[in-house]
Engineer: 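First the structure, then my questions, so here it is.
Atoms within each ligand, like the ligands themselves, are counted from 1 in listed order. Numbers here simply count residues along the sequence, with the first being 1. Side chains included, hydrogens not; waters and symmetry mates left out as well; all remaining heavy atoms used. Since the model is a prediction, treat every value here as computed from it, not as a measurement.
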Amino acid sequence: MELGAAAFGLFLLLLLLGLGWLGPGRGGGKGLPPGPRPWPLLGNLGQGLQPLYEAYRRLWQQHGAVFTLWMGPRPTVVLCGHRALRQALLDHGEAMAGRPHIPAQHLVSRGYGLVGSSGERWRQLRRFTLSALRDLGLSRRVMETRVQEAAQRLARDWHRHQGRAFDPQPDLSRAVCGVLGSLLFGPDFDPEDPPAREFLQLSEAYMRFFRSPAAQRYNAFPGLLHWLPGQHRRALREDTRVQAFIRAHIDAHRRRPAPPAPQDFLDCYLRRQEQERGKADTEFGDENLVALVRSLFMAGTETTINTLQFGLLVLCKYPDVQARMRQELDAAVGRSRAPGAEDRAHLPYVLAVLHELQRYLDLVPGALPHATTQPLDLRGHHLPQGTTVIPLLTSAHFEEGVWETPEDFNPGHFLDEKGAFRKREEAMPFSIGKRACPGEGLARLELLLFTTTLLQSLELEPAGPPDAIDLCALRRAFRGSSLAFQLCARPRA
Ligand code: HEM
């Protein structure tokens with residue numbers, strides 16, 4: 001056991017012995033929604049309620065769609081089912097748009113950037129980010145071209161394997177990091193350059209820490225643990241190198257003449273900084289830029305790589321699904337030109353598969369925690385300002401009575417009786433409302449173009465028997481050994 005965890009355990013034991021049983025009473029406490037009875041200090045931690053995406057069904061049944069859990073000394077309200085989620089995040093969008101203080105996140109962002117901020121800072125950075133991504137994506141199609149180029153390169157590389165088994169993860173990682181890196185830092189970003197490689201490795205290491213039990217302990221007791229040794233100290237040390245990498249790119253952009261039209265996210269931001277020059281209360285300083293770029297990169301790479309990996313597993317496990325997608329693709333696009341965003345309209349089955357794989361994968365089951373920005377009355381409960389809220393997306397993705405076969409992978413969930421694609425409001429892999437993922441457009445574009453470009457010229461097969469692929473067990477898996485697999489890519493005749 002690491003030293004930090006051992007010291008923490010000892011401290012807790014002494015404190016519990018010293019204080020005795022001083023629980024906050026019934027789960028809700030303080031007039032909050034009801035919930036399981038918490039223990040002193042630990043709250044509901046250690047009561048077998050983690051992971052919440054497995055334990056929630058019983059709690060939902062016992063306490064209703066809105067219940068309270070105590071994460072250590074702090075209450076957290078959990079929302080279950082698509083109705084409660086939509087009501088809270090859409091009908092009360094403004095009141096739900098805050099973020100609680102997440103110590104493991106604050107450790108490196110120090111309150112700057114988009115992911116962890118609230119209020120005016122968040123509003124301004126969010127508006128800017130959406131407009132910069134839209135500008136790079138839609139108006140000048142920089143995004144589509146970069147994704148198409150990366151997808152073509154990937155398909156060419158996989159042709160070279162000539163049907164031999166290989167691990168697709170490193171290539172996918174390079175391709176996705178290359179696309180996002182080039183959108184943020186410019187077309188010269190090369191994920192193979194040693195500084196970029198270190199940046200990718202350190203970003204991955206931080207994300208692993210952020211999801212780890214060590215980070216959960218740190219989030220529950222930051223004041224105490226901050227000064228003890230542990231993984232958080234390494235994350236802090238490594239982040240100075242992450243920041244140095246980003247700052248070097250900012251400096252390089254400042255040294256060269258500004259292009260007539262922005263080529264990347266840094267160009268967009270530096271232009272805005274110029275427009276804001278002289279404003280005393282501007283949010284467009286360098287600290288926010290570093291934190292913003294850092295969070296876009298970290299939030300946008302692992303998620304997309306994982307989804308693509310899971311998609312490949314689906315194609316390997318279900319050759320009939322793969323064949324039907326290819327048939328549709330041959331008819332709509334053919335084999336002589338690259339698939340593009342506009343082909344979506346003619347690919348209903350492909351879209352249904354991509355939407356179903358995100359529902360079934362359920363990659364971010366509890367979104368990121370929200371916080372109420374004002375007192376909120378929700379479904380007969382009163383949530384004071386500053387209440388932490390977990391929108392449990394998983395509860396909508398597997399909701400009984402909503403999906404025909406919630407526990408099965410079934411593209412039919414997203415097709416109507418005529419075979420046309422139908423969007424389902426109960427599927428929310430990017431969350432919904434004012435905090436919904438700002439990278440949704442890019443991620444959906446990548447899923448579409450990487451998948452169709454590979455299918456256009458390659459037949460994908462698992463290296464082992466398809467029955468050995470247990471998709472259910474791999475749901476929510478983040479990239480790592482559990483999602484490691486080999487496949488064969490055979491050039492089509
Ligand atoms: C398949 C890929 C992706 C999935 C499943 C995904 C999912 C999510 C989810 C569930 C959230 C939390 C929303 C909430 O708090 O309610 C989120 C937030 C976020 N995502 Fe994504 N995401 C993906 C790709 C991306 C990409 C490509 C980018 C960057 C270009 C990105 C940037 C962000 C940022 C910055 C936030 C925080 C937004 C805020 O706090 O206002 N994500 N994402």
Engineer: Can you tell me the protein heavy atom closest to atom 1 (C) of ligand 1 and the distance?
Structural biologist: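 Of the protein heavy atoms, T307 OG1, 3.4 Å lies nearest.
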Engineer: Show every side chain to side chain donor-acceptor pair (under 3.5 Å) that has at least one partner inside residues 446-456, sequence neighbours left out.
Structural biologist: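 Residue pairs passing side chain to side chain donor-acceptor pair (under 3.5 Å), neighbours aside: none found.
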Engineer: Can you sort out which atoms of ligand 1 are near H370, meaning under 4.0 Å from one of its heavy atoms?
Structural biologist: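 Those of ligand 1 that fall under 4.0 Å from H370 are 14 (C), 15 (O), 16 (O).
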Engineer: Starting from atom 37 (C) of ligand 1, which protein heavy atom do you reach first, and at what distance in Å?
Structural biologist: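 Closest protein heavy atom to atom 37 (C) of ligand 1: V115 CG2, 3.8 Å.
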Engineer: Which of the atoms of ligand 1 are close to W122, meaning less than 4.0 Å from one of its heavy atoms?
Structural biologist: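 Once the distances to W122 are compared, the set is 39 (C), 41 (O).
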Engineer: Could you check whether F128 and F265 have their ring centres less than 6.0 Å apart?
Structural biologist: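 Aromatic pair counts; centres sit under 6.0 Å.
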Engineer: Which donor-acceptor pairs under 3.5 Å do the side chains of residues 87-96 make with protein atoms, sequence neighbours left out?
Structural biologist:
from: Q87; atom 1: OE1; to: R379; atom 2: NE; distance (Å): 2.8
from: E94; atom 1: OE2; to: R123; atom 2: NH1; distance (Å): 3.2

Engineer: Using heavy atoms and a 4.0 Å limit, tell me yes or no: is M428 in contact with ligand 1?
Structural biologist: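 M428: no contact with ligand 1 (<4.0 Å).
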Engineer: For atom 13 (C) of ligand 1, which protein heavy atom lies nearest, and how many Å away is it?
Structural biologist: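 The answer is R435 O, 3.3 Å.
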Engineer: Return the orientation label for the F409 and Y360 ring planes: parallel under 30°, perpendicular over 60°, tilted otherwise.
Structural biologist: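 Judged by the thresholds at 30° and 60°, the geometry between F409 and Y360 is perpendicular.
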Engineer: Run the side-chain donor-acceptor check on residues 51-60: report pairs under 3.5 Å with partners two or more places apart or on a different chain.
Structural biologist:
from: R57; atom 1: NH2; to: E407; atom 2: OE2; distance (Å): 3.3

Engineer: Non-hydrogen atoms of E446 versus ligand 1: any pair closer than 4.0 Å?
Structural biologist: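 Under 4.0 Å: no for E446.
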Engineer: Does the side chain of H226 pick up a donor-acceptor pair with the side chain of Y218 at under 3.5 Å?
Structural biologist: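 Yes - a donor-acceptor pair under 3.5 Å links their side chains.
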Engineer: Under a 4.5 Å cut-off applied to non-hydrogen side-chain atoms, are L312 and L172 in contact?
Structural biologist: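 Yes - at least one pair of side-chain heavy atoms lies under 4.5 Å apart.
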Engineer: Short of 2.8 Å from atom 21 (Fe) of ligand 1, name each protein N/O/S atom, waters not counted.
Structural biologist: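 Listed by chain and number, the nearby protein N, O or S atoms are C437 SG.
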Engineer: Using a 4.0 Å cutoff against the non-hydrogen atoms of L368, which atoms of ligand 1 qualify?
Structural biologist: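 So the atoms of ligand 1 that pass are 12 (C), 15 (O).
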Engineer: Considering only non-hydrogen protein atoms, determine which one is nearest to atom 29 (C) of ligand 1 and report residue, atom name and distance to 0.1 Å.
Structural biologist: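 Sorting protein heavy atoms by distance from atom 29 (C) of ligand 1 puts L296 O, 3.7 Å first.
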Engineer: I need the atoms of ligand 1 closer than 4.0 Å to a non-hydrogen atom of P429, numbered in the order shown.
Structural biologist: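 That gives atoms 5 (C), 7 (C), 10 (C) of ligand 1.
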Engineer: May I ask you to establish whether R99 and W122 are in a cation-pi arrangement, using a distance under 6.0 Å from NZ or CZ to the six-membered ring centre and at most 45° from the ring axis?
Structural biologist: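 Checked: cation-pi criterion not met.
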Engineer: Which of the numbered atoms in ligand 1 are below 4.0 angstrom from a heavy atom of S431?
Structural biologist: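 Once the distances to S431 are compared, the set is 13 (C), 14 (C), 16 (O).
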